[in-house]
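Note: hydrogens, waters and symmetry copies are ignored here, and every other heavy atom, side chains too, is used. Throughout, a chain's letter reflects where its sequence line sits, starting with A, and its residues are numbered from 1.
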Number of protein chains: 2
Amino acid sequence: MKRRNTAAKQTILDILQASRSVPLSQEDIEQKVAGKMNRVTVYRVLNSFYEDGYIHKILADDGKYYFAICLNCREDDHHHDHFHFRCLNCQKVECLQEEVKVQLPGGYRQESVNCLITGYCPECA
Amino acid sequence: MKRRNTAAKQTILDILQASRSVPLSQEDIEQKVAGKMNRVTVYRVLNSFYEDGYIHKILADDGKYYFAICLNCREDDHHHDHFHFRCLNCQKVECLQEEVKVQLPGGYRQESVNCLITGYCPECA
DNA sequence: TTTGTTAATGCAATTGAATTGCAATAATAA
DNA sequence: TTATTATTGCAATTCAATTGCATTAACAAA
């Protein structure tokens, strides 16, 4: 299926670009595009970006998905293996520099990581 | 609120005991107690265990919660900070030995971790 | 043992996010 | 300019999780 460029995609892409290291939830994005497009479209656009590898998707322990533009990712070599942090007070989620390095027991093969630290950010601590 | 010991709690506790290092999903547990109790009770029992710190709760990237008895946990000193692994093929989730160690940037305070590695287990790889 | 309090349970109803179906719209290749 | 089909909006649906409430039963106190 060939993708097409649309206003909806561009709008969401711009929003994600403007929030490079702070992953946004579906909800966050919906609010920013309120009125401009349907919430179903937001789902579908985010999913297509994710499928295409343009963004990464974090499931936080609040049960919500957060999306962020891929940094340091080349076409075929994604690096989504950094830690994320979620503040219990202000709810903000962000990407941490530190990479996840695990020594898996023999025989295990790693495909992806979803690592989240929960706590309080400097502003809220 | 004082807790009471009930058959439902004992049944679920036994199931979790029998699956110490393999966290079970709500669904898994429901199947094991099918007929014996209502699914709402399963939710409530698991939540009470979690609130009381008897079990830990992992949100996997399949969007489901998994529950496991706390290992190496003393009353007031929980250690849930190990990695978990989920197999993309057989769906099994398990606790890994390795602890999560992150160097948080200055000012950040860590409360809990939810770290999941996804991939293929030895049986499925 | 009996009784009173209230935690725990089952059932039905509700919530709420995510998904799906389908018709209308619009991007893009021919 | 036209044909194809990806995209979108809207309504409806799905499904897990949660809530309200009446009933049941654990357990502390008499």
Side-chain angles (χ1 to χ4, degrees), chain A residues 1-16 23-68 84 86 91-93 114 116 118, chain B residues 1-16 23-68 84 86 91-93 114 116 118:
Chain A
M1 189 212 280
K2 211 169 294 173
R3 303 293 190 194
R4 291 175 183 176
N5 295 323
T6 65
K9 287 184 184 172
Q10 193 55 56
T11 303
I12 293 180
L13 198 57
D14 289 345
I15 289 169
L16 292 172
L24 301 173
S25 67
Q26 163 82 27
E27 224 180 343
D28 293 334
I29 297 171
E30 261 172 46
Q31 284 176 359
K32 287 178 195 288
V33 300
K36 286 190 228 165
M37 73 188 78
N38 192 277
R39 69 183 262 103
V40 178
T41 301
V42 178
Y43 278 110
R44 291 198 269 226
V45 167
L46 288 172
N47 276 334
S48 78
F49 284 170
Y50 177 66
E51 277 170 23
D52 295 350
Y54 294 140
I55 60 179
H56 67 278
K57 186 177 174 179
I58 313 130
L59 182 61
D61 56 358
D62 59 359
K64 293 183 192 164
Y65 283 103
Y66 288 80
F67 301 88
H84 294 98
R86 185 170 69 88
Q91 305 301 327
K92 196 173 67 176
V93 171
N114 194 92
L116 186 89
T118 308
Chain B
M1 189 212 282
K2 213 169 293 173
R3 301 293 189 194
R4 291 176 183 175
N5 294 323
T6 65
K9 286 184 184 172
Q10 193 56 56
T11 304
I12 292 180
L13 198 58
D14 289 344
I15 289 169
L16 292 172
L24 300 173
S25 68
Q26 162 82 26
E27 225 181 344
D28 292 335
I29 297 171
E30 261 172 47
Q31 285 176 359
K32 286 179 195 287
V33 301
K36 287 189 227 166
M37 73 189 78
N38 191 278
R39 70 183 263 106
V40 178
T41 301
V42 178
Y43 278 109
R44 291 197 269 226
V45 168
L46 289 173
N47 276 334
S48 78
F49 284 169
Y50 177 66
E51 276 170 23
D52 295 350
Y54 294 140
I55 60 179
H56 65 278
K57 185 177 174 179
I58 314 131
L59 183 61
D61 56 358
D62 59 359
K64 293 183 192 163
Y65 282 105
Y66 288 80
F67 301 88
H84 294 98
R86 185 170 69 90
Q91 305 300 326
K92 196 172 69 177
V93 171
N114 195 93
L116 186 87
T118 308

Asks: Categorize A/Lys9 for me: base, sugar-phosphate, or nothing, with a 4.0 angstrom heavy-atom threshold over every strand shown.
Replies: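 The answer is sugar-phosphate, as A/Lys9 gets under 4.0 Å only of primed atoms, P, OP1 or OP2.
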Asks: For the NZ atom on B/Lys32, are there more than 12 heavy atoms of other groups (residues, nucleotides or ligands in this structure) within a distance under 6.0 Å?
Replies: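 Atom NZ in B/Lys32 is not packed in, count stays at 12 or less.
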Asks: With no hydrogens and no angle check, do the side chains of A/Gln31 and A/Glu27 hold a donor and an acceptor under 3.5 Å apart?
Replies: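 Not at all, the side chains of A/Gln31 and A/Glu27 share no donor-acceptor pair under 3.5 Å.
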Asks: Taking the side chain as every heavy atom from C-beta outward, state whether A/Leu16 and A/Leu46 have any atom pair closer than 4.5 Å.
Replies: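 Heavy-atom side-chain distance check passes, below 4.5 Å.
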Asks: Less than 4.5 Å apart, side chain to side chain, heavy atoms only: is that true for A/Phe49 and A/Leu13?
Replies: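 Yes, at least one pair of side-chain atoms sits under 4.5 Å.
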Asks: What is the separation between atom CG on A/Asp52 and atom C1' on D/dA6, rounded to the nearest whole Å?
Replies: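 Taking atom C1' of D/dA6 as the reference, CG of A/Asp52 is at 13 Å.
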Asks: State whether a side-chain donor-acceptor pair under 3.5 Å links A/Asp14 with A/Gln10.
Replies: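 The answer is yes; a qualifying pair exists.
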Asks: Measure OH/B/Tyr43 against C1'/C/dA8 and give the value in whole Å, please.
Replies: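 So the two atoms are 18 Å apart, to the nearest Å.
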Asks: Rounded to whole Å, please give me the gap between CG in A/Leu59 and C1' in C/dA18.
Replies: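 Roughly 13 Å, once rounded to whole Å.
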Asks: What is the separation between atom CD on B/Gln31 and atom P on D/dA16, rounded to the nearest whole Å?
Replies: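 Going from B/Gln31 (CD) to D/dA16 (P), I get 11 Å.
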Asks: Could you tell me how far apart B/Phe67 (CZ) and D/dA16 (C1') are, to the nearest whole angstrom?
Replies: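 After rounding, the gap between these two atoms is 12 Å.
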Asks: Do B/Lys64 and B/Val93 pass the side chain to side chain contact (heavy atoms under 4.5 Å, CB included) test, and can you show the C-alpha distance, the side-chain angles, and the key distance before you say yes or no?
Replies: CA-CA 11 Å; B/Lys64 293 183 192 163; B/Val93 171; over 6 Å; no
Asks: Whole-Å distance between D/dT19 P and B/Asn38 CG?
Replies: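 That distance rounds to 15 Å.
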Asks: Base, sugar-phosphate alone, or nothing: which one does B/Gln26 contact when heavy atoms must sit under 4.0 Å apart?
Replies: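 Sugar-phosphate contact only - B/Gln26 comes under 4.0 Å of backbone atoms but never of a base.
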Asks: Roughly how many Å is it from CZ in B/Phe49 to C1' in C/dA8, rounded to a whole number?
Replies: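 My rounded result for the distance is 12 Å.
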Asks: To the nearest Å, give me how far apart OH (A/Tyr50) and C1' (C/dT19) are.
Replies: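 Going from A/Tyr50 (OH) to C/dT19 (C1'), I get 17 Å.
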Asks: Determine, for nucleotides 24-30 of chain C in 5'-to-3' order, which nucleotides have protein heavy atoms under 4.0 Å from the base (write B), from only the sugar-phosphate (write S), or from neither (write -).
Replies: --BBS--
Asks: Could you state the interatomic distance from NZ (A/Lys36) to OG1 (A/Thr11), rounded to the nearest 0.5 Å?
Replies: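 Here the interatomic distance stands at 5.5 Å.
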Asks: Identify which nucleotide among D/dT8, D/dC10, D/dA17 has an atom closest to any side-chain atom of A/Val40, counting heavy atoms from C-beta outward.
Replies: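 Closest nucleotide among those given: D/dC10.
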Asks: Give a yes or no on whether a donor-acceptor pair under 3.5 Å exists between the nucleobase atoms of C/dG10, that is its base, and the side chain of B/Arg44.
Replies: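 Answer is yes: a donor-acceptor pair is held.
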